[in-house]
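I have placed the structure first, in the form of structure tokens, so that the comments after it can refer back to it.
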Amino acid sequence: MADTGVLEIILKRIEAVDGGVDSQDVATSLSVDHQVVVGAVKSLQSLGDIILAEQRSSKHWELTGEGQETAEKGSHEARVFGAIPEEGLAQSELMKLPSGKVGFSKAMSNKWIRVDKGHEAGPKVFRMVEKIDDSVQGKLVQIQKGIAADVDEKEKNELKKRKLLTEVTVKSYWITKGPSFSTIITKQEAELTPEMITSGSWKQRSFKPYNFEALGVALDCGHLHPLMKVRTQFRQIFLEMGFTEMPTNNFIESSFWNFDSLFQPQQHPARDQHDTFFLSDPAVSRDFPQDYLERVKKVHSEGGFGSQGYKYDWKIEEAQKNILRTHTTAVSARMLYKLAQQGKFTPVKYFSIDRVFRNETLDATHLAEFHQIEGVVADYGLTLGDLMGILHQFFTKLGITKLRFKPAFNPYTEPSMEIFSYHEGLKKWVEVGNSGVFRPEMLLPMGIPEGVSVIAWGLSLERPTMIKYGINNIRELVGHKVNLQMVYDSPICRLDS
Ligand code: PHE
């Protein structure tokens with residue numbers, strides 16, 4: 001049946017009755033699928049207030065396949081009874097009947113039949129009564145015909161237990177007249193055209209109201225991972241503060257730039273296999289600025305530049321070992337060395353946001369790789385006060401205003417401070433980063449002029465991303481278990497709100 005046909009039939013029916021009609025009843029009487037009527041209801045609803053449709057659900061009893069067979073041919077027990085002749089039937093024969101097993105026990109408990117064991121060929125079954133009343137069949141027929149008033153709930157549940165009946169829930173619409181009810185369907189215009197205006201035909205037309213709640217079609221395009229969205233925001237903050245981005249496009253670094261240039265002694269536990277990933281091929285780097293390397297060697301093994309050094313036997317072999325960089329401070333070291341080579345010193349503000357690698361035990365908040373955000377400022381006469389001031393400025397742009405600093409230790413900074421911020425949600429101070437003033441043992445061998453200090457800080461990108469997007473397990477953010485839908489659905493990032 002054509003769709004508009006169903007629409008009109010529904011409207012005519014509602015017009016004819018006082019109350020309303022049920023969509024299931026309409027479907028049954030038209031012999032169409034209920035979905036067809038539901039579709040018609042939806043179309044009518046979209047035409048304005050012609051009809052009102054209220055969803056409702058009702059339950060009713062239906063015969064199962066076995067129930068239908070029982071209604072037709074009688075219950076298993078009645079069929080067993082009917083199969084027993086005057087002279088009785090061997091129990092073994094009776095059991096072979098299709099209704100045998102169930103029918104036998106039911107007929108026994110109804111006291112319709114009895115078993116006589118005193119026979120040579122085995123037990124025999126006899127009728128005990130002349131006539132039976134197959135009430136099971138009777139009830140099922142009543143339910144089938146829709147005149148089940150005599151069958152009470154207990155009996156229905158009994159039949160349900162015997163798998164002859166099931167209770168089904170039917171969802172339908174109760175359809176009534178709407179405020180602008182009419183049996184004539186006028187198609188509503190979706191758009192006012194220039195032609196309607198010039199001809200004046202718009203006066204006769206009815207217009208579809210605008211749906212200002214409608215969502216736009218989802219764009220078929222790529223989606224940025226939350227980490228990349230948060231990175232964009234951090235990058236924006238640094239750029240607003242006048243920082244320049246450092247080139248971080250080398251995951252592989254030599255131990256020299258990752259550790260030695262940062263005055264990190266060669267026996268330091270962080271340089272162990274357990275903390276750092278070493279490369280087997282190529283296992284070593286050999287291309288270092290020779291005079292600078294000599295000065296690094298000297299400051300470690302003998303001291304100099306006003307320092308006593310560590311006084312140990314510094315080995316080039318240790319510095320040559322290639323690793324996956326463990327922090328982006330290796331990049332900062334390269335950049336500061338380059339800055340020192342340019343002749344006349346100029347103040348700089350650098351930042352980087354990129355990936356680093358550590359041989360960590362994996363858990364809900366740690367992976368063997370993560371991203372670091374790092375800021376570096378070099379100028380004459382910078383103090384710890386400048387560092388604290390710039391950190392306040394930086395974190396305020398993130399929406400974090402309550403900061404506390406705790407003395408800490410890094411081989412390359414003195415003094416060093418861990419940065420804590422007050423987490424309003426957790427109601428406690430949480431560590432958000434690490435910072436410090438780079439040591440003269442690091443800067444002077446590079447050729448950075450005396451009197452210049454370099455302040456720096458670092459934090460992870462994952463921590464603020466997980467907080468921002470409400471992700472508790474880092475494996476839901478990074479790795480093969482990431483749900484792409486999470487990536488599609490994650491909104492743009494605003495750090496300060
Ligand atoms: N490199 C440090 C880390 O990996 C962070 C840091 C950067 C500390 C700069 C001080 C100065 O945790």
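Counting starts at 1 for both ligands and their atoms, following the listed order. Residue numbers run from 1 in the order of the sequence given. Since this is a predicted model, take the numbers as computed values, not measurements.
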**Residues Glu318 and Arg271 bridged, charged N to O under 4.0 Å** = no
**Request:** Examine Glu374 against ligand 1 and note whether any of their N/O atoms are separated by less than 3.5 Å.
**Result:** no
**Request:** Can you see which heavy atom on Ser255 is nearest to which on Ile323, and at what distance?
**Result:** OG-CG2, 3.8 Å
**Prompt:** Parallel, tilted or perpendicular for Phe243 and Trp457, by the 30°/60° rule?
**Reply:** perpendicular
**Request:** Say whether, by atom type as modelled, one donor and one acceptor occur between the side chain of Tyr312 and the main chain of Gln266 under 3.5 angstrom.
**Result:** yes
**Asked** Is there a side-chain contact between Thr465 and Leu477, using heavy atoms and a 4.5 Å cut-off?
**Response** yes
**Message:** Below 4.0 Å, non-hydrogen atoms only: which portion of Arg358 touches ligand 1? Side chain, backbone, both or neither.
**Reply:** side chain
**Message:** Please list the nearest protein heavy atom to atom 12 (O) of ligand 1 with its residue and the distance rounded to 0.1 Å.
**Reply:** Asn434 ND2, 3.8 Å
**Request:** Provide the number and element of each atom of ligand 1 under 4.0 Å from a heavy atom of Ala456.
**Result:** 9 (C), 11 (C)
**Message:** I'd like to check Thr329 versus Gln264 (side-chain heavy atoms, cut-off strictly below 4.5 Å). Are they in contact?
**Reply:** no
**Asked** When only distance counts, is Thr326 in polar contact with ligand 1, meaning an N/O pair under 3.5 Å?
**Response** no
**Request:** Let me know which of His34, Gln35, Lys171 forms a side-chain hydrogen bond (donor to acceptor under 3.5 Å, both in side chains) with Ser23.
**Result:** His34
**Asked** Considering only heavy atoms, does Asn410 approach ligand 1 within less than 4.0 Å through its side chain, its backbone, both, or neither?
**Response** side chain
**Thr413 N/O under 3.5 Å from ligand 1 N/O** = no
**Asked** Counting only heavy atoms, which portion of Ser435 has something under 4.0 Å from ligand 1: side chain, backbone, both, or neither?
**Response** backbone
**Message:** Applying the ring-ring contact (aromatic ring centres under 6.0 Å, His included) criterion to His327, which one of Trp257, Tyr412, Phe370, Phe357 satisfies it?
**Reply:** Tyr412
**Request:** Could you tell me which atoms of ligand 1, counted from 1 in the order shown, lie closer than 4.0 angstrom to a heavy atom of Thr329?
**Result:** 1 (N), 7 (C)
**Closest protein heavy atom to atom 2 (C) of ligand 1, given as residue, atom name and distance to 0.1 Å** = Tyr412 OH, 3.1 Å
**Asked** Looking only at heavy atoms, is any part of Trp457 under 4.0 Å from ligand 1, and if so is it the side chain, the backbone, or both, or is it neither?
**Response** backbone
**Asked** Does Gln372 reach ligand 1 with a nitrogen or oxygen that is under 3.5 Å from one of the ligand's nitrogen or oxygen atoms?
**Response** yes
